[in-house]
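Just follow the structure's listing: the first ligand is 1, and inside any ligand the first atom is 1.
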Amino acid sequence: MSFVLSPRTVEEAVGLLAELPDALPMSGGASLVAMKNARLIEASHFVSLAGIASLHGITATDTGLRIGGMTRHAQLAACDLLTGDLSMLRQAAGQIANRVVRNMGTIGGAVGNADPAADYLAVLACGDAHVELTGTEGSRLVAMTDYVTDWYETLREPGEIVTAIHLPAARPVPSVYRKLCRVPGDYATASVACASDGDGVRVAVGACGHGPIRSREAEAALRGNLRDPVAIAAFGAALADLADPVDDVRGTSEFRLRLIPRMVAAAISDLEGKR
Ligand SMILES: Cc1cc2nc3c(=O)[nH]c(=O)nc-3n(C[C@H](O)[C@H](O)[C@H](O)COP(=O)(O)OP(=O)(O)OC[C@H]3O[C@@H](n4cnc5c(N)ncnc54)[C@H](O)[C@@H]3O)c2cc1C
């Protein structure tokens, strides 16, 4: 049996998590409740973050956007602030699971859980996002490109929670999120987030390793060559070289390695069509 605690502030929530090492944070419960029912997790207490007002909503800051951890996928899928190079986040949110899960699940829970196939990870790495982590010692920002360290492992310390995602202000250039999945609503077999960046692109690949794959070196080599199929193929091959996919029910490792250059080329072609 697990008890649900309902703090009203972040300080109270992280205090409870520090006091009760066996407790887990709970956002929408979209995955947590399913994991509990399947007996995949045990916890004496769930610390619900739902009643903490400062974790809800999307606000403009001096440098861009702050998305509170309790922001639901459905809110992001309908968010007018996500334009230009941030529209890929809106596209990704709208492709998560189904309407029920999108109304329950949150960006803080998804990033906290860090499922390698989660749609947000590639988009946030491509978008130069930072994860705001808060514990009893205060808050810190971690670059999304550094955040995932291994399979389901992140720089988040025990007792810390994801309180927000920070993104630079939207730039008026196109972006695209491509997700290949077995049926609509499934987790990705592979995904690609791609945003224009002057005469180049920013690209991150998802679901093909423990975390999102991005190479600034490969992006620099592609700069100025977006109409050159050979350069694009070399770029896709460089990202595939960095991938470490597994064989699972959604596809084999070999299939995913073949997908990466094709999906990257298709995403770049989508962007060129939108310029
Ligand atoms: C049927 C189904 C299909 C899904 N399909 C997809 C999909 O296609 N694409 C996709 O990206 N996702 C998918 N998901 C995941 C879903 O989108 C949720 O976003 C995600 O699991 C997090 O849910 P939640 O926010 O309710 O977090 P919870 O379920 O409350 O928590 C999930 C985990 O994260 C931890 N946690 C929660 N909040 C925080 C926090 N603020 N900080 C740190 N840790 C935290 C919890 O302790 C728990 O371990 C699917 C889930 C289900 C149930």
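- By heavy-atom distance, the residue among L49, T134, V123, V101 lying nearest atom 2 (C) of ligand 1 is V101.
- Counting the atoms of ligand 1 from 1 in the order shown, those under 4.0 Å from a heavy atom of D119 are 7 (C), 8 (O), 9 (N), 10 (C), 11 (O).
- Here Y120 and H73 bring their ring centres to under 6.0 angstrom of each other.
- Ligand 1 places these atoms under 4.0 Å from at least one heavy atom of G185: 8 (O).
- Within ligand 1, counting atoms from 1 as listed, the ones closer than 4.0 Å to a heavy atom of M26 are 30 (O).
- For atom 53 (C) of ligand 1, the closest non-hydrogen atom of the protein is A30 O, 3.4 Å.
- Put simply, CD1 on I161 and OG on S27 are 7.5 Å apart, with the number rounded to the nearest 0.5 Å.
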Pair up each side-chain donor or acceptor in residues 249-259 with any protein partner under 3.5 Å, not counting sequence neighbours, and list the distances.
{"unit_1": "R250", "atom_1": "NE", "unit_2": "D186", "atom_2": "OD1", "d": "3.2"}
{"unit_1": "T252", "atom_1": "OG1", "unit_2": "F255", "atom_2": "N", "d": "3.0"}
{"unit_1": "S253", "atom_1": "OG", "unit_2": "P245", "atom_2": "O", "d": "3.4"}
{"unit_1": "R256", "atom_1": "NE", "unit_2": "T189", "atom_2": "O", "d": "2.7"}
{"unit_1": "R256", "atom_1": "NE", "unit_2": "A207", "atom_2": "O", "d": "3.3"}
{"unit_1": "R256", "atom_1": "NH1", "unit_2": "V246", "atom_2": "O", "d": "2.9"}
{"unit_1": "R256", "atom_1": "NH1", "unit_2": "D248", "atom_2": "OD1", "d": "3.1"}
{"unit_1": "R256", "atom_1": "NH1", "unit_2": "G251", "atom_2": "O", "d": "2.8"}
{"unit_1": "R256", "atom_1": "NH2", "unit_2": "D248", "atom_2": "OD1", "d": "3.1"}
{"unit_1": "R256", "atom_1": "NH2", "unit_2": "D248", "atom_2": "OD2", "d": "3.4"}

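- The protein heavy atom nearest to atom 25 (O) of ligand 1 is T106 OG1, 2.6 Å.
- The shortest N or O to N or O distance between Y120 and ligand 1 is not under 3.5 Å.
- Residue-level proximity to ligand 1 for H73 is carried by the side chain, the only part with a heavy atom below 4.0 angstrom.
- Scanning the protein heavy atoms around atom 45 (C) of ligand 1, the nearest turns out to be P25 CG, 3.8 Å.
- In summary, the atoms of ligand 1 found under 4.0 Å from a heavy atom of G108, numbered by their order in the structure, are 39 (C), 40 (C), 41 (N).
- Those atoms of ligand 1 that come under 4.0 Å of a heavy atom in G112, given as number and element, are 43 (C), 44 (N).
- Heavy-atom distances between G29 and ligand 1 reach below 4.0 Å in at least one pair.
- Within the set I107, T154, N113, T163, the minimum heavy-atom distance to atom 33 (C) of ligand 1 is found for N113.
- The stretch residues 68-88 participates, sequence neighbours left out, in these salt bridge (charged side-chain N to carboxylate O under 4.0 Å, His left out) pairs: D80-R90, D85-R171, D85-R202.
- Between the side chain of E160 and the main chain of E157, a donor-acceptor pair closer than 3.5 Å is present.
- Proximity annotation for atom 3 (C) of ligand 1: of A13, A97, A92, A97 comes nearest, heavy atoms only.
- The proximity of K179 to ligand 1, defined as any non-hydrogen pair under 4.0 Å, is limited to the side chain.
- Using the six-membered ring where Trp is involved, W151 and H210 have ring planes that are perpendicular, over 60° apart on the 30 and 60° scheme.
- When heavy-atom distances to ligand 1 are checked against a 4.0 Å cut-off, V162 comes that close through both its backbone and its side chain.
- Where the criterion is an N or O separation shorter than 3.5 Å, residue side chain and backbone included, Y187 meets it with respect to ligand 1.
- Contact between D186 and ligand 1 is present, with at least one heavy atom of the residue lying under 4.0 Å from the ligand.
- Closest to atom 21 (O) of ligand 1, if we only count protein heavy atoms, is S31 OG, 2.2 Å.
- Looking only at protein heavy atoms, the nearest one to atom 48 (C) of ligand 1 is L32 CD1, 3.4 Å.
- Within 6.0 Å of CD on E137 lie no more than 12 heavy atoms contributed by other residues, nucleotides or ligands.
- For the pair R156 and ligand 1, a heavy-atom separation below 4.0 Å is found.
- Around the CZ atom of R99, the shell of radius 6.0 Å holds no more than 12 heavy atoms that belong to other residues, nucleotides or ligands.
- Looking only at protein heavy atoms, the nearest one to atom 34 (O) of ligand 1 is G109 O, 3.5 Å.
- In the model, S175 has a side-chain atom that pairs as donor or acceptor with a side-chain atom of S87 under 3.5 Å.
- Of all protein heavy atoms, the one closest to atom 24 (P) of ligand 1 is G28 N, 3.7 Å.
- Residue contact check: A110 has heavy atoms under 4.0 Å from atoms 19 (O), 22 (C) of ligand 1.
- Look at E132 and R66 and you find a salt bridge, because one of the NZ, NE, NH1 or NH2 atoms lies within 4.0 Å of a carboxylate O, short of that distance.
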